[in-house]
Amino acid sequence: MNTRAYAAMAAKEKLAPYEFDRRSVGSHDVALSIAYAGICHSDIHQAREEWGPAIFPMVPGHEIAGIVTAIGSSVTKFKVGDKIGVGVFVDSCRSCENCTQGLQQYCLEGMTGTYNQLERDGTTVAMGGYSNYFVINEDYAVHIPENLPLEGVAPLLCAGITLYSPIKHWKVGPGKKVAVMGLGGLGHMGVKFAVAMGAEVTVLSHSAKKKNDALAMGAHHFIETSDPAVFKANAKKFDVILNTVSAEINIDDYLSLLKLDGTLVVIGLPGKPYAVHVGTLLNGRRSIAGSMIGGIPELQEMLNFCAEKSIVSDVEVINATYINEAYERTVASDVKYRFVIDASTI
Ligand code: NAP
Ligand code: ZN
Ligand code: ZN
């Protein structure tokens, strides 16, 4: 099926209109008309080859919200007209010990990314959500609750689940002090979820102008990190720190903010290794950990939680012609708090 999209034709090139064919709807596939696609900083990292060699032409986009337009003969999970979401992967091996636990993002063979990857046939280049039409195996898509607006839901498919999962795993809740580093697309969802779980939430930001927004999202405290004195003043304070910063930072400064047995969870992926002073880890039995998106069952659980608590992303809906400017503004930390492409403009 002919599909309209926006693609990067080479690393660091501006995205431009592009057309390609998607596969026909197989017996276990669903087809969807994309309504909105979020712009994740990972799209920018990959389109600019900040994570290493990439596949071009690249149609980025892994925060996809749309409406089912057709289903294959064996599909049982969806019907035409359903609201449907697609996230960061479209397939996995289905049989390894992680896949069988619903942790497809940690598939031992590697998950099949929504774009910038070959599909499991080994030849088809996966093309992402900056497009008007998508086809996916029903097992790798989720139901979007009726009461939530599609534009606010799209970013939940990556930014939302990527914070929900570590918040659940590290038991962020009542009595816990959690800090969220970076109030961007991921960070603002972290604030909303940690507040909803009942934790005491602090935002660590290098943008003083975001203070009022952070507090309006429910954060209890806001610390501006450009003054080095704040690291001493807030030493040994937090149980969990969720690092969503997309740029290289001195991770050691932030580790010093952890209390005894605290964990700093790395989520932001600038692409270069971090330097850690082992002494900072030893002093307080601190841990540094990582977390990557979430599996399909948890993705559905998160959306249901959002429906119950009326949580969506704060979005700026844009026309497709604005994608390149949106990239520049995202890199400049000038986003409130997720750009979402209106796919009808592609
Ligand atoms: P984003 O919207 O651009 O937010 C990143 C935030 O980091 C910015 O808003 C800014 O917050 C802070 N920041 C940026 N540059 C900084 C600098 N030079 N110094 C200090 N802070 C800075 O990006 P995003 O879409 O949320 O993604 C964040 C990162 O997570 C990216 O690296 C992305 O690739 C990665 N990611 C990881 C996963 C995963 O599964 N682990 C999933 C999705 C994305 P302040 O202005 O508040 O300081
Ligand atoms: Zn993402
Ligand atoms: Zn697997």
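Values below: all heavy atoms of this structure, side chains included; hydrogens, waters and symmetry mates excluded. One-based numbering, in listed order, for ligands and for the atoms of each. These numbers were taken from a predicted model, which means no experiment stands behind them.
- Dense packing is recorded around CZ of R23, with more than 12 heavy atoms of other residues, nucleotides or ligands lying under 6.0 Å away.
- For P270, no nitrogen or oxygen atom sits less than 3.5 Å from a nitrogen or oxygen atom of ligand 1, counting backbone and side chain alike.
- Of the charged side-chain nitrogens involved, none lies within less than 4.0 Å of a carboxylate oxygen, so that K77 and E138 do not count as a salt-bridged pair.
- Scanning the protein heavy atoms around atom 4 (O) of ligand 1, the nearest turns out to be G184 CA, 3.4 Å.
- At the Zn ion (ligand 3), the vertex angle linking SG of C99 with SG of C96 is 110° (nearest 10 degrees).
- Checked against a 3.5 angstrom limit, the closest N/O atoms of Y337 and ligand 1 fall outside it.
- Atom 3 (O) of ligand 1 has its closest protein heavy atom at H41 ND1, 2.7 Å.
- For atom 48 (O) of ligand 1, the candidate residues are H206, E224, H62; the nearest heavy-atom contact is made by H206.
- Aromatic ring orientation, F193 versus F305: tilted (interplanar angle from 30° to 60°).
- The closest side-chain heavy-atom distance from E301 to N304 is not below 4.5 Å.
- For the ligand labelled ligand 1, residue Y327 lies outside the 4.0 Å heavy-atom shell.
- Heavy-atom minimum distance, G129 versus I34: O-CD1, 3.7 Å.
- Under the 30°/60° scheme for interplanar angles, the aromatic rings of Y130 and Y327 are found to stand perpendicular.
- When heavy-atom distances to ligand 1 are checked against a 4.0 Å cut-off, W51 comes that close only through its side chain, counted from C-beta outward.
- The aromatic rings of Y115 and H62 lie tilted to each other, with the angle between the two planes from 30° to 60°.
- Here the angle centred on the Zn ion (ligand 2), running from NE2 of H62 over to SG of C158, is 110°, rounded to 10°.
- Atoms of ligand 1 lying under 4.0 Å from any heavy atom of G182, numbered from 1 in the order shown and given with element: 11 (O), 47 (O).
- Contact annotation for R338 and ligand 1: only side-chain heavy atoms (C-beta onward) come within less than 4.0 Å of the ligand.
- For atom 26 (O) of ligand 1, the closest heavy atom belonging to the protein is L186 N, 2.8 Å.
- Aromatic ring orientation, F20 versus Y18: parallel (interplanar angle below 30°, classes split at 30° and 60°).
- For ligand 1, the atoms sitting less than 4.0 Å from at least one non-hydrogen atom of I293 are 39 (C), 40 (O), numbered in the order shown with element in parentheses.
- When distances to the Zn ion (ligand 2) are checked against a cut-off of 2.8 Å, C40 contributes an N, O or S atom below that limit.
- Every atom of ligand 1 with a heavy atom of A247 under 4.0 Å away is listed here by number and element: 15 (N), 16 (C), 17 (C), 18 (N).
- K171 and D239 are not joined by a salt bridge, as no carboxylate oxygen comes within less than 4.0 angstrom of a charged side-chain nitrogen.
- In terms of N/O distances under 3.5 Å, ligand 1 is not approached by C158.
- The protein heavy atom nearest to atom 36 (N) of ligand 1 is S42 OG, 3.6 Å.
- For the pair G185 and ligand 1, the shortest N or O to N or O distance falls below 3.5 Å.
- Looking at A159 against ligand 1, nothing comes within 4.0 Å, counting heavy atoms.
- The heavy atom nearest to atom 42 (C) of ligand 1, considering only N243, V203, T162, is found in T162.
- In summary, R285 and D261 engage in a salt bridge, as defined by a charged side-chain N under 4.0 Å from a carboxylate O.
- Considering I267, L204, L269 only, the shortest heavy-atom separation from atom 37 (C) of ligand 1 involves I267.
- The residue from H45, M181, M189 that puts a heavy atom closest to atom 31 (C) of ligand 1 is H45.
- Regarding atom 5 (C) of ligand 1, its nearest protein heavy-atom neighbour is S246 OG, 3.6 Å.
- Atom NZ of K211 is surrounded by 12 or fewer heavy atoms from other residues, nucleotides or ligands within 6.0 Å.
- Shortest non-hydrogen contact noted between S92 and C99 is OG-SG, 3.1 Å.
- Of the protein's non-hydrogen atoms, G268 CA, 3.3 Å is the one closest to atom 30 (O) of ligand 1.
- Nearest heavy atoms, G110 versus R120: O-NH1, 3.1 Å.
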Would you check, one step at a time, whether the test side-chain hydrogen bond (donor to acceptor under 3.5 Å, both in side chains) holds for D121 with T124? CA-CA 7 Å; D121 63 9; T124 310; 2.4 Å; yes

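- Heavy-atom minimum distance, M111 versus Q117: O-NE2, 3.1 Å.
- Side-chain contact check for K14 versus Y6: every heavy-atom pair is 4.5 Å or farther apart.
- Looking at atom 46 (O) of ligand 1, its nearest protein heavy atom turns out to be S207 OG, 2.4 Å.
- Contacts between K210 and ligand 1, counted as non-hydrogen atom pairs separated by less than 4.0 Å, involve the side chain only.
- Protein heavy atom nearest atom 28 (C) of ligand 1, with residue, atom name and distance: T244 O, 3.0 Å.
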